[in-house]
Enquirer: 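Okay, handing you the structure first.
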Amino acid sequence: LMLISWPLLAVTGIFFAAWMKPALGPPPMPPKWFTIHRVLMLASMFIGAAGSLLIFVANKGLISLDPSRNLAHFLIGIFVMLLHIINPIISAFRCLPTSPRRWIFNLLHGSLIGLAVEMLALVNCGIGLSLFESNGYSSSPGSYRSLGFYVTYVVLLFLLFIALFSIFTGIAVITGGESM
């Protein structure tokens, strides 16, 4: 569930907020990019919370905090989920886009909390995959094949986003934004 929540839903939601404003801009209220961003980020939060809850259920509430094994993964995961829950709460109290204090919201929501949570979550997914493979749950333990696929996936996803941004921005420029 975490691999759906973070590298797919959250990364895509952030992409729409950061890069798709020119192509899916303001005319309808709320703008299309904002609606897509909100739906994807809320889905990411609920799926991530369900994944976290399933871990506690599977372990009957007992989490091993062995520093040599999964302490970092556990602590980063708790921190990430707390910030992921706080960020939409901050959004609920945001000021209007024309407010002189909007920069404070933009700094907190996107630049500080949003970016920190996404980077920590992506790193934590990699840590989780390496724990999964080192614990013998992989078909070839110790090969870190899944981790390699994960890193490749994240890189390809970002390349796809760059391509989509270029295509949609080009369409918006050519049509004057009318076809969006």
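Everything numeric here is computed off the predicted structure, so don't read it as measured data.
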Enquirer: Mind checking whether Phe56 and Phe74 have parallel, tilted or perpendicular rings, split at 30° and 60°?
Expert: perpendicular
Enquirer: Going through the distances and angles, do Ile76 and Ile127 end up as a side chain to side chain contact (heavy atoms under 4.5 Å, CB included)?
Expert: CA-CA 10 Å; Ile76 292 171; Ile127 293 171; 4.1 Å; yes
Enquirer: For the atom pair CZ (Arg101) and SG (Cys95), what is the distance rounded to the nearest 0.5 Å?
Expert: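 Separation between the atoms: 8.5 Å.
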Enquirer: Mind checking the CG-NE2 spacing from Leu42 to His84? Nearest 0.5 Å is all I need.
Expert: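 Here the interatomic distance stands at 8.0 Å.
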Enquirer: Would you say Val117 and Ile86 are hydrophobically clustered, going by side-chain heavy atoms of ILVMFWY under 4.5 Å?
Expert: yes
Enquirer: Between Arg102 and Pro97, which heavy-atom pair has the shortest distance, and what is it?
Expert: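 The answer is NH1-N, 3.5 Å.
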Enquirer: Answer with yes or no whether the hydrophobic clustering places Leu160 together with Leu122; edges join I, L, V, M, F, W, Y residues whose side-chain heavy atoms lie under 4.5 Å apart.
Expert: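 Same cluster: Leu160 reaches Leu122 through Ile, Leu, Val, Met, Phe, Trp or Tyr contacts under 4.5 Å.
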Enquirer: Any heavy-atom pair between the side chains of Ser52 and Met2 that's under 4.5 Å?
Expert: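 Heavy-atom side-chain distance check passes, below 4.5 Å.
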Enquirer: Any side-chain to backbone donor/acceptor pair from Ser44 onto Leu40? Under 3.5 Å, distance only.
Expert: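 No, the answer is negative, given that no donor and acceptor are paired below the 3.5 Å cut-off.
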Enquirer: Rounded to the nearest 0.5 Å, how far apart are CG of Leu112 and CG of Leu83?
Expert: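 It comes to 10.5 Å.
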Enquirer: Between CG of Leu9 and CG of Leu1, what distance do you get to the nearest 0.5 Å?
Expert: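 The CG atom of Leu1 is 10.5 Å from CG of Leu9, to the nearest 0.5 Å.
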Enquirer: Linking I/L/V/M/F/W/Y whenever their side-chain heavy atoms sit closer than 4.5 Å, directly or via other members, would Leu108 and Ile89 fall into one cluster?
Expert: no
Enquirer: What distance do Ser91 atom OG and Phe105 atom CZ have between them, rounded to the nearest 0.5 Å?
Expert: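 Between Ser91 OG and Phe105 CZ, I get 4.0 Å after rounding to 0.5 Å.
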Enquirer: Give me the ring orientation class for Phe34 and His37: parallel if the planes are under 30° apart, tilted from 30 to 60°, perpendicular past 60°.
Expert: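 Answer is tilted, since the angle falls between 30° and 60°.
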Enquirer: Hey, quick one: are Leu96 and Trp33 part of the same hydrophobic cluster, counting side-chain heavy atoms closer than 4.5 Å, chains of contacts allowed?
Expert: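 Different clusters: Leu96 never reaches Trp33 through Ile, Leu, Val, Met, Phe, Trp or Tyr contacts under 4.5 Å.
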Enquirer: For Met41 and Gly13, which heavy atoms make the closest approach, and how far apart are they?
Expert: SD-CA, 3.9 Å
Enquirer: Mind checking whether Leu120 and Ile14 sit in one hydrophobic cluster, side chains of I, L, V, M, F, W, Y counted as touching below 4.5 Å?
Expert: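 Leu120 and Ile14: separate clusters.
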Enquirer: If you apply the rule side chain to side chain contact (heavy atoms under 4.5 Å, CB included), what do you find for Leu115 with Ser111, and how did you get there?
Expert: CA-CA 5 Å; Leu115 185 60; Ser111 300; 5.9 Å; no
Enquirer: His109 side chain to Gly114 main-chain N or O, any donor-acceptor pair under 3.5 Å?
Expert: no
Enquirer: Once rounded to the nearest 0.5 Å, what's the spacing between atom OG1 of Thr12 and atom CH2 of Trp6?
Expert: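 The distance works out to 12.5 Å.
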Enquirer: Which atom pair, heavy atoms only, marks the closest approach of Met45 to Ile85?
Expert: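 Taking Met45 first and Ile85 second, the nearest heavy atoms are SD-CA, 3.8 Å.
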